[in-house]
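One structure below.
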Amino acid sequence: GERRAVGPLAVWLSEGDYVYRSLVPGALAAIGGPKARRALLECARTSRIYDLDHFRVECAAALADTASPDDLEELRTVRKALEALRPGLAADPMSGLADRYAPLLDDLRDQIDALDACKDDVGCWIGRLDDPSLAVRGQAIAQLDRRPWGRPNPTRTGAARAEAALLEAL
């Protein structure tokens with residue numbers, strides 16, 4: 001039933017009150033699936049609120065949370081475009097945009113680097129469970145557990161090692 005919610009939720013990525021919109025990327029990431037990923041990718045590429053681009057960073061962060069190594073090129077393209085926003089975020093220190101969005105851009109960079117370094121290597125992802133970046137640790141948990149959109153996870157070939165590492169990390 002949750003996947004049926006993707007369409008109605010995705011509408012909120014481009015219209016409506018910001019308070020409601022800000023909840024949608026995380027909800028779509030939790031639901032997962034190709035439709036949710038496409039909606040998050042489109043939002044990360046084009047969304048604007050009050051003529052500002054910063055909401056795109058939230059969509060990209062949610063997209064990265066659902067990513068696999070297969071998504072590296074998409075993520076790199078989105079990250080490159082979003083990095084161009086960084087100076088604008090810092091231009092108005094009173095807005096607080098830099099304080100909120102610069103760490104998300106840093107997390108996005110770290111997640112892309114981890115996906116690139118580890119790909120489908122169970123041992124590498126186990127090592128990332130101790131990464132200083134919370135975003136990378138979350139990515140490691142997702143990669144070791146299962147892909148959130150239900151595709152078989154190539155790392156399952158090391159399922160016993162992955163499960164033991166996840167339990168130990170608790």
Selection [range] - residue pairs positive for ring-ring contact (aromatic ring centres under 6.0 Å, His included), sequence neighbours left out:
{"range": "residues 60-79", "result": "none"}
{"range": "residues 70-98", "result": "none"}
{"range": "residues 76-99", "result": "none"}

Tell me every residue that passes salt bridge (Lys or Arg N to Asp or Glu O under 4.0 Å) with Glu168, counting only those two or more places apart in sequence or in another chain.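 Glu168 satisfies salt bridge (Lys or Arg N to Asp or Glu O under 4.0 Å) with no other residue.
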
Applying salt bridge (Lys or Arg N to Asp or Glu O under 4.0 Å), name anything that partners Asp116, two or more places apart in sequence or on another chain.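 Applying salt bridge (Lys or Arg N to Asp or Glu O under 4.0 Å) to Asp116 gives Arg76, Lys119.
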
Where at least one partner belongs to residues 75-128, residue pairs that pass disulfide bond (SG atoms under 2.5 Å apart), sequence neighbours excluded: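 Only Cys118-Cys124 qualify under disulfide bond (SG atoms under 2.5 Å apart).
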
Tell me which pairs pass disulfide bond (SG atoms under 2.5 Å apart) where either residue lies in residues 63-115, with sequence neighbours left out.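 Of all non-adjacent pairs touching residues 63-115, none passes disulfide bond (SG atoms under 2.5 Å apart).
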
Ser22: side chain to side chain contact (heavy atoms under 4.5 Å, CB included) partners, not counting sequence neighbours: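 With sequence neighbours excluded, Ser22 shows a side chain to side chain contact (heavy atoms under 4.5 Å, CB included) to Tyr18, Glu58, given in chain and number order.
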
Sequence neighbours excluded, every pair satisfying salt bridge (charged side-chain N to carboxylate O under 4.0 Å, His left out) that has a member inside residues 24-33: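 Pairs touching residues 24-33 that pass the test: none.
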
Salt bridge (charged side-chain N to carboxylate O under 4.0 Å, His left out) contacts touching residues 122-141 (sequence neighbours left out):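 Pairs touching residues 122-141 that pass the test: Arg128-Asp131.
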
Indicate every side-chain donor-acceptor pair of residues 39-46 with a distance under 3.5 Å to a residue at least two apart or in another chain.
from, atom 1, to, atom 2, distance (Å)
Glu42, OE2, Thr46, OG1, 3.3
Thr46, OG1, Glu42, O, 2.9

Report the residues that fulfil side-chain hydrogen bond (donor to acceptor under 3.5 Å, both in side chains) with Arg86, sequence neighbours left out, ordered by chain and then residue number.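 Testing Arg86 for side-chain hydrogen bond (donor to acceptor under 3.5 Å, both in side chains), a comparison that skips the adjacent residues, returns Glu83, Asp106.
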
